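Presented below is the structure to which this report refers.
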2 protein chains.
Amino acid sequence: MTGRRAPRGRPRLPPEENATRERLLDTAQRLFAERGFSQVTLRELTAAAGTNLASVNYYFGSRDELLHALMRRAARAVHGKRTQLLEEAQRHHGTGKAQLRRILYALLEPAIVSEPGRRTDFLFGALLARAHADGRDELLDLLERQTTHLDPFAEALQRALPDLPREEIYWRLHFVLNLEHAVQTELKRLHYLSKGLCDIEDRRAIVDRIVEFALPGLLAPPAITDRPHRTAATRAS
Amino acid sequence: MTGRRAPRGRPRLPPEENATRERLLDTAQRLFAERGFSQVTLRELTAAAGTNLASVNYYFGSRDELLHALMRRAARAVHGKRTQLLEEAQRHHGTGKAQLRRILYALLEPAIVSEPGRRTDFLFGALLARAHADGRDELLDLLERQTTHLDPFAEALQRALPDLPREEIYWRLHFVLNLEHAVQTELKRLHYLSKGLCDIEDRRAIVDRIVEFALPGLLAPPAITDRPHRTAATRAS
DNA sequence: GTCTATAATATGATAGAC
DNA sequence: GTCTATCATATTATAGAC
């Protein structure tokens, strides 16, 4: 009838704004981000969402399809926010370090710090990390192909750093995006290592630190690439 | 009898050097790193190792204890190698950038690039990432408390960067350690983003790039920390 | 649309023969 | 020490009453 591949007896009425459906997505997003995909069963999830066990299958068809829907929704939100912040940054017509800093915040904040209202957005970074380590290769491949929203960032970086070869631009963009995980991962190790000296609770402050750490690496002149690898072995000999 | 908490009928004879036991560890390490803990069943694991289904329980007591033994072994190998490389670096009595570079390689290479012989070491970074996303919180807490091998690195960085407050040393060390994941994670995104321009296969070359990217951030003067957060919102207004 | 009961399946663990 | 057969359990998915 509908032309969809829905098995049978799937939701008939509203497009995306069903309360139960949204509640399932929100709850799943939080639980998956907190504990990993494999650790959350349908029973826990539906209990936490205040629905019944069958609701996930009713609305999404399967646990995996819920996961996919959730990641698509989260990715869309973060990508949209990044794009919007970059456009605002571009309007400054700034140059040099100040402009680079705006680009970095546009890139990093949306996946890390939540807006008032959209309280679950900032979990996207955590979700991505989960997807990686959970071995959801099909899902990851899907997500990692969605690079179009990053193209304007590469362009913006290239404009701010005209002397850098394009390849170098991409690598540095990759490193900056990876530093995003520094807000999610191994923070406890930092806590223990610094004997409590470092405050690991204030996410905004960590974003500030990441940006200041990354800036000099972005601004550095291109590295000489056509040299033999510097390995521990060769250096030690 | 033995005083161990082994349930009953556990291996009697050699301490750590049983061929089957080691084969199980090696195979599990590879499979877990490749696909995540939750994705590998005992049946797959024992089949790949060429043993029978009961062997994991015989040698380790449970699937989880195998995982713990494996992570302990991998952590010990990587931490030992790091310590050894740092000591070699210290013997140079070098200063400035060159010495910093040696410290960075000592930190990054052991978890990323395998030595001839010890072919599974380099998977430790991947294993750590899996542990994170798989929500093995007890295991992670165990691992993240093992920071003593990093103390000499903090000292070495402090000597090379005497003007940096201790807190800043720890944060930058944290960021460098996090960049390690840039060799494991989201490399395919970089591949798609750069339309194949970036070679994501050569791990040694990526370590070189990470080191050159991180160096300027390490060398930068301490950031002014007592300022209000620079958020996208405040900057846009 | 919601919910209960249950089917179908896969897993970790173990007993006991060899 | 190795292996097979099996248990107990937990999971996703679904049929069908309301």
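Predicted model only: the values in this text are computed from it and were never measured. We name chains A, B, ... by the order of the sequence lines, and we start the count at 1 in each one.
- A salt bridge links B:R209 with A:E167: the distance from a Lys NZ or Arg NE/NH1/NH2 to an Asp or Glu carboxylate oxygen falls below 4.0 Å.
- For the helix from C:dG1-D:dC18 to C:dC18-D:dG1, the rotation axes defined at the first and last 5 base pairs enclose an angle of 0°, given to the nearest 10°.
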What N/O pairs connect the protein and nucleotides 6-12 of chain C at under 3.5 Å? Give each pair on its own line.
| unit_1 | atom_1 | unit_2 | atom_2 | d |
| --- | --- | --- | --- | --- |
| C:dG12 | OP1 | B:R63 | NE | 2.9 |
| C:dG12 | OP2 | B:L42 | N | 2.9 |
| C:dG12 | N7 | B:R43 | NH1 | 3.2 |
| C:dG12 | O6 | B:R43 | NH2 | 3.4 |

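- Dashed line: the shortest gap from a side-chain N or O of A:T51 to OP1 or OP2 of C:dC3 is not under 4.0 Å.
- OP1 or OP2 of C:dG1 sits under 4.0 Å from a side-chain N or O of A:Y58.
- The closest side-chain heavy-atom distance from B:F60 to B:L25 is below 4.5 Å.
- Aromatic ring pairs are classed by plane angle as parallel below 30°, tilted from 30° to 60° and perpendicular above 60°; the pair B:H149 and B:F153 is perpendicular.
- Listed pair A:T20 / C:dG1 fails the phosphate criterion, with no side-chain N or O lying under 4.0 Å from OP1 or OP2.
- The nearest whole Å value for the distance from the CD atom in B:E22 to the P atom in D:dG1 is 13 Å.
- Per the geometry, CG belonging to A:N52 stands 6 Å off C1' belonging to C:dT2, to the nearest Å.
- For the pair B:Y59 OH and C:dA13 P, the computed distance is 17 Å after rounding to whole Å.
- A:S55 pairs by the side-chain hydrogen bond (donor to acceptor under 3.5 Å, both in side chains) definition with A:T51, not counting sequence neighbours.
- Between the side chains of B:Y192 and A:R145, a donor-acceptor pair is found at a separation under 3.5 Å.
- Contact detail for A:S38 and B:Q39: the closest heavy-atom pair is OG-NE2, 3.9 Å.
- In the model, B:H132 has a side-chain atom that pairs as donor or acceptor with a side-chain atom of B:E144 under 3.5 Å.
- Salt bridge A:R73/A:D26: present, at least one basic N to carboxylate O contact under 4.0 Å.
- Listed candidates were C:dA15, D:dA15, D:dT2. Nearest to the side chain of B:A54 is C:dA15.
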